[in-house]
Amino acid sequence: MRRAGRDSHVRHCIVTECLRSCGYRSISSPRSTAIFATIVSSEYLGSSSMSTVQRNEQELIKIEKLHELRSLGINPYPVSYDRSHHTVEIINTFRDDEPDAMSAVRVAGRIMAIRKMGKASFCHIQDVTGRIQIYLKKDDLGEAYDLLRLYDIGDIVGVEGYVFRTRMGEISVHAREFTMLTKSVTVIPVGKEEVAEDGTVTRYDAIADKEQRYRKRYLDLIANPDIKETFVKRSQIIRTIRNFFDERGWIEVETPILQPIYGGATARPFVTHHNALDVELYLRIADELYLKRLIVGGFEGVYEISKNFRNEGMDKAHNPEFTALEIYVAYKDYIWMMEMVEDLFNTIAVSACGAATIAFQGTDISFAKPFAKKKMFDLFQEYACLNLRGQSREQLLASAKSIHVDVDPSASAMKILDEIFSVKVQPHLIQPTFVMDYPVEMSPLAKAHPREEGLVERFELFIMGKEVANAFSELNDPLDQRARLEEQATIRAAGDDEAMVVDEDFLHAIEVGLPPTAGLGVGIDRLVMLLTNNDSIRDVLFFPQMRPERHKHEGE
RNA sequence: GAUCCCGUAGCUCAGCUGGUAGAGCAUUUGACUUUUAAUCAAAGGGCCUUGGGUUCGAGUCCCAACGGGAUCACCA
């Protein structure tokens with residue numbers, strides 16, 4: 001009989017909920033499920049924007065509990081809660097010989113586990129710092145204890161009580177009062193967890209499905225709270241970078257994301273449209289050209305940490321939007337920049353990881369100064385036993401073939417060099433290594449090397465075989481710069497849509513006069529991956545780009 | 001864009017050579033006043049991603065689509 005009563009009440013809730021969502025205030029008595037079926041299947045409902053959320057049994061029960069709380073005069077969504085301690089503060093500072101120091105604490109968090117034992121119950125609540133156990137006893141709580149039946153895993157509660165240690169040795173809060181702060185009406189995927197004596201946590205049945213973790217990061221953060229560490233570190237890394245630059249007097253600036261001409265890198269852009277101006281605009285692919293204009297204008301050190309957008313493939317190293325750091329400092333060159341990068345990366349590693357040596361996927365990486373410095377063509381000699389300096393395209397093609405590196409026979413000299421480098425050299429660059437002095441054709445914005453014909457003053461920093469930073473002595477010879485961009489335009493006209501576009505205003509700025517300047521770009525996401533031991537960019541972005549889900553019945 | 005693997009209850013996963021779906025956790029009901037992956041007993045809960053096909057019969061075999069993962073190509 002109890003069952004039947006409950007069922008009818010659940011149905012009542014379904015109907016009530018459904019009607020509410022249609023704009024009706026309330027209904028007075030339980031109806032049959034036939035009404036529900038009629039309502040949800042009726043044409044005007046299905047084709048309008050009104051809610052027809054399908055709820056499973058567990059959700060309906062939670063909604064029923066929500067209504068019951070309200071009918072008891074309890075607001076399931078109060079405005080605030082006066083918390084006295086975070087859970088970790090209690091666990092770290094509680095002393096068995098001085099329990100009075102914590103005789104009245106107020107904690108708040110999400111219920112992650114409930115163990116009911118009749119007239120006493122235990123639960124664990126989780127806040128941003130961790131978890132603590134709550135002990136609830138009927139003798140102490142009286143009638144309020146019975147309200148516990150309206151509380152579920154996933155609800156957010158406040159608890160007032162005193163701290164003690166249980167017979168099993170766990171520091172817990174003995175509740176004198178507990179308050180619903182947020183009633184959750186959906187089921188969250190929380191697995192049980194077991195904490196071993198050495199502190200290692202084994203989590204059972206926590207969400208493993210990567211798709212759900214990336215699409216519904218809030219659930220991932222609740223169920224796998226340790227991933228918060230990655231994002232806290234990310235924040236720490238960016239803060240360290242800002243502090244480092246600010247201390248040196250360089251200023252953080254903001255430049256346009258919507259650009260009429262895109263430039264500063266070789267990449268395909270996203271295109272958008274401005275209605276009032278009726279023009280195409282591009283989402284920036286790099287900050288470079290705007291930041292250099294600011295150096296022309298008289299700033300002597302500018303930097304920007306912001307999103308770039310590239311309309312290219314996605315994989316575990318590429319997201320369509322990513323965070324880049326660029327910095328330009330007047331009167332400096334790329335040699336100076338190398339030392340600055342050593343200092344910067346060393347400082348970041350120490351502040352984010354506590355040491356200059358970090359572990360990444362089983363390899364120790366040392367950010368101790370100085371980093372290795374190698375000239376690009378010396379590396380070809382070292383790892384491919386080839387002197388490629390000054391070779392023609394045909395010679396390079398033959399060289400590639402001689403060491404079994406597959407390249408498209410129609411590839412440009414630069415592509416061939418790049419391919420040999422990535423196959424033969426890059427995998428060896430595990431510890432931080434500066435690769436210096438690139439061919440001019442690869443670097444249309446870098447200053448010609450004063451002594452090495454055909455090379456520019458440029459370096460890239462490689463770690464774990466991946467490029468992490470790119471820098472050069474900026475090209476400030478206006479005639480040379482124009483010639484290089486026009487060369488790019490020719491390549492572009494020949495069909496390479498990644499080649500750069502001529503930006504006349506940028507060229508004009510260089511004609512006005514750019515002082516000798518060193519510039520640097522760093523991929524922040526990849527740096528964060530290294531320092532947080534993640535091998536997928538999706539694990540260092542809260543909301544990685546995902547293909548939109550199409551609804552199952554769309555179009556029916 | 002190419003290839004391979006995956007998609008079953010709220011979660012984690014079984015489901016053999018085709019015969020109308022199973023477990024643990026979670027939920028509900030009951031027992032239990034220091035438990036801890038609590039336990040015990042009972043119950044409810046599935047558009048088996050979608051759409052075709054083969055078949056008397058498809059979660060299972062075939063094709064396609066959608067979504068995810070991995071590898072490759074391009075890029076940071």
Side-chain angles (χ1 to χ4, degrees), chain A residues 2-3 6-7 10 54-62 64-65 113-124 131 133-141 145 149 152-154 164-170 172 174 186-196 201-215 219 223 265-268 285-286 308-325 406 408 415 418-419 422 460 466-470 497-498 521-527 529 536-538 546-556:
Chain A
R2 183 84 190 243
R3 177 82 237 166
R6 176 169 290 279
D7 284 347
V10 168
Q54 297 215 343
R55 301 199 180 275
N56 64 34
E57 186 199 17
Q58 290 188 47
E59 290 170 331
L60 292 172
I61 290 165
K62 285 165 183 281
E64 181 192 6
K65 288 176 176 175
I114 302 182
R115 292 181 292 280
K116 293 186 179 175
M117 312 188 39
K119 297 187 178 64
S121 295
F122 294 86
C123 62
H124 273 97
R131 288 185 179 199
Q133 180 169 258
I134 308 295
Y135 177 55
L136 305 113
K137 195 165 142 185
K138 189 174 170 78
D139 288 349
D140 298 328
L141 294 161
Y145 184 80
R149 73 193 162 81
D152 293 301
I153 288 171
F164 74 113
R165 190 184 288 274
T166 65
R167 210 173 279 167
M168 300 300 289
E170 181 165 347
S172 309
H174 189 129
T186 192
V187 186
I188 59 169
V190 173
K192 297 196 173 185
E193 64 179 40
E194 185 176 15
V195 184
V201 176
T202 310
R203 208 163 275 131
Y204 298 87
D205 302 340
I207 43 173
D209 178 17
K210 293 224 170 186
E211 181 172 359
Q212 192 175 2
R213 295 184 60 182
Y214 296 145
R215 286 189 196 277
L219 290 180
T266 54
R268 274 184 282 269
I285 57 171
N308 287 350
F309 306 84
R310 298 194 184 175
N311 205 342
E312 286 162 352
M314 299 161 53
D315 57 37
K316 67 180 181 177
H318 298 86
N319 196 64
E321 58 181 286
F322 63 100
T323 301
L325 156 69
D406 274 342
D408 179 349
K415 289 245 189 269
D418 211 28
E419 186 61 23
S422 60
E460 291 190 312
K466 303 250 167 60
E467 184 201 333
V468 187
N470 180 19
D497 60 354
E498 286 186 359
V522 178
I524 295 294
D525 307 289
R526 289 184 179 177
L527 179 61
M529 284 163 65
S536 171
I537 195 169
R538 294 192 178 119
M546 300 290 278
R547 204 178 291 268
E549 283 179 296
R550 276 208 263 162
H551 251 277
K552 288 173 184 172
H553 295 292
E554 197 172 82
E556 278 185 11

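Residue numbers start from 1 in every chain, and the chains themselves are labelled A, B, ... in the order their sequence lines are given, proteins ahead of strands.
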Smallest separation among heavy atoms of Q133(A) and T166(A), with atom names
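Looking at all heavy atoms of both residues, the closest pair is NE2-CG2, 3.6 Å.
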
Nearest non-hydrogen partners of Y214(A) and S536(A), listed with the distance:
OH-OG, 4.3 Å

Nearest listed nucleotide, side chain of [X], among [options]:
X       : options                : answer
Y135(A) : U34(B), U36(B), U28(B) : U34(B)
E419(A) : U27(B), U34(B), C74(B) : C74(B)
M546(A) : U34(B), U27(B), G68(B) : G68(B)
E57(A)  : G68(B), U34(B), G44(B) : G44(B)
E211(A) : U27(B), G67(B), U34(B) : G67(B)
M117(A) : A38(B), C74(B), G68(B) : A38(B)

Ranking E321(A) and S536(A) by the position along RNA chain B of their nearest nucleotide, the one closer to 5' is S536(A)

Find which nucleotide of RNA chain B each of R215(A) and K137(A) is nearest to by heavy atoms, and output the residue with the more 5' nucleotide.
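Of the two residues, K137(A) wins.
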
Over 60° means perpendicular and under 30° means parallel, so tell me whether F164(A) and Y135(A) are parallel, tilted or perpendicular.
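Aromatic pair F164(A)/Y135(A) classed tilted.
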
Distances under 3.5 Å between nitrogen or oxygen atoms of protein and nucleotides 4-11 of chain B:
{"residue": "C11(B)", "atom": "O2'", "partner": "D205(A)", "partner atom": "O", "Å": "2.3"}

Secondary-structure string, 5' to 3', Watson-Crick or G-U under 3.5 Å, | for another-strand partners, for RNA chain B:
(((((((..((((.....[..)))).(((((.......))))).....(((((..]....))))))))))))....

Taking atom [atom2] of [N] as reference, at what distance in whole Å does atom [atom1] of [X] sit?
X       : N      : atom1 : atom2 : value
R115(A) : U34(B) : CZ    : C1'   : 11 Å
I134(A) : U33(B) : CD1   : P     : 21 Å
F122(A) : U35(B) : CZ    : P     : 6 Å
K138(A) : U33(B) : NZ    : P     : 11 Å
K62(A)  : U28(B) : NZ    : C1'   : 13 Å
I153(A) : U36(B) : CD1   : C1'   : 13 Å

Report yes if at least one side-chain N or O of [X] is closer than 4.0 Å to OP1 or OP2 of [N]; otherwise report no.
X       : N      : value
K316(A) : U71(B) : yes
K192(A) : A38(B) : yes
R203(A) : A37(B) : no
K116(A) : A26(B) : no
R213(A) : G68(B) : no

Which part of the nucleic acid does [X] contact within heavy-atom distance under 4.0 Å: base, sugar-phosphate only, or nothing?
X       : answer
F164(A) : base
R538(A) : sugar-phosphate
G118(A) : base
D418(A) : nothing

Option from R55(A), Q58(A), E59(A) for which side chain to side chain donor-acceptor pair (under 3.5 Å) with T186(A) holds
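Result for side chain to side chain donor-acceptor pair (under 3.5 Å) with T186(A): E59(A).
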
Would you find a donor on one side and an acceptor on the other, under 3.5 Å apart, between the side chain of N470(A) and the backbone of E460(A)?
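No, because the side chain of N470(A) does not come within donor-acceptor range (under 3.5 Å) of the backbone of E460(A).
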
So, R268(A) side chain and E312(A) main chain: donor-acceptor pair closer than 3.5 Å or not?
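No; judged by distance alone, with no hydrogens or angles, the pair does not exist.
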
Once rounded to the nearest 0.5 Å, what's the spacing between atom CZ of F122(A) and atom CG of L136(A)?
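F122(A) CZ to L136(A) CG: 9.0 Å, rounded to 0.5 Å.
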
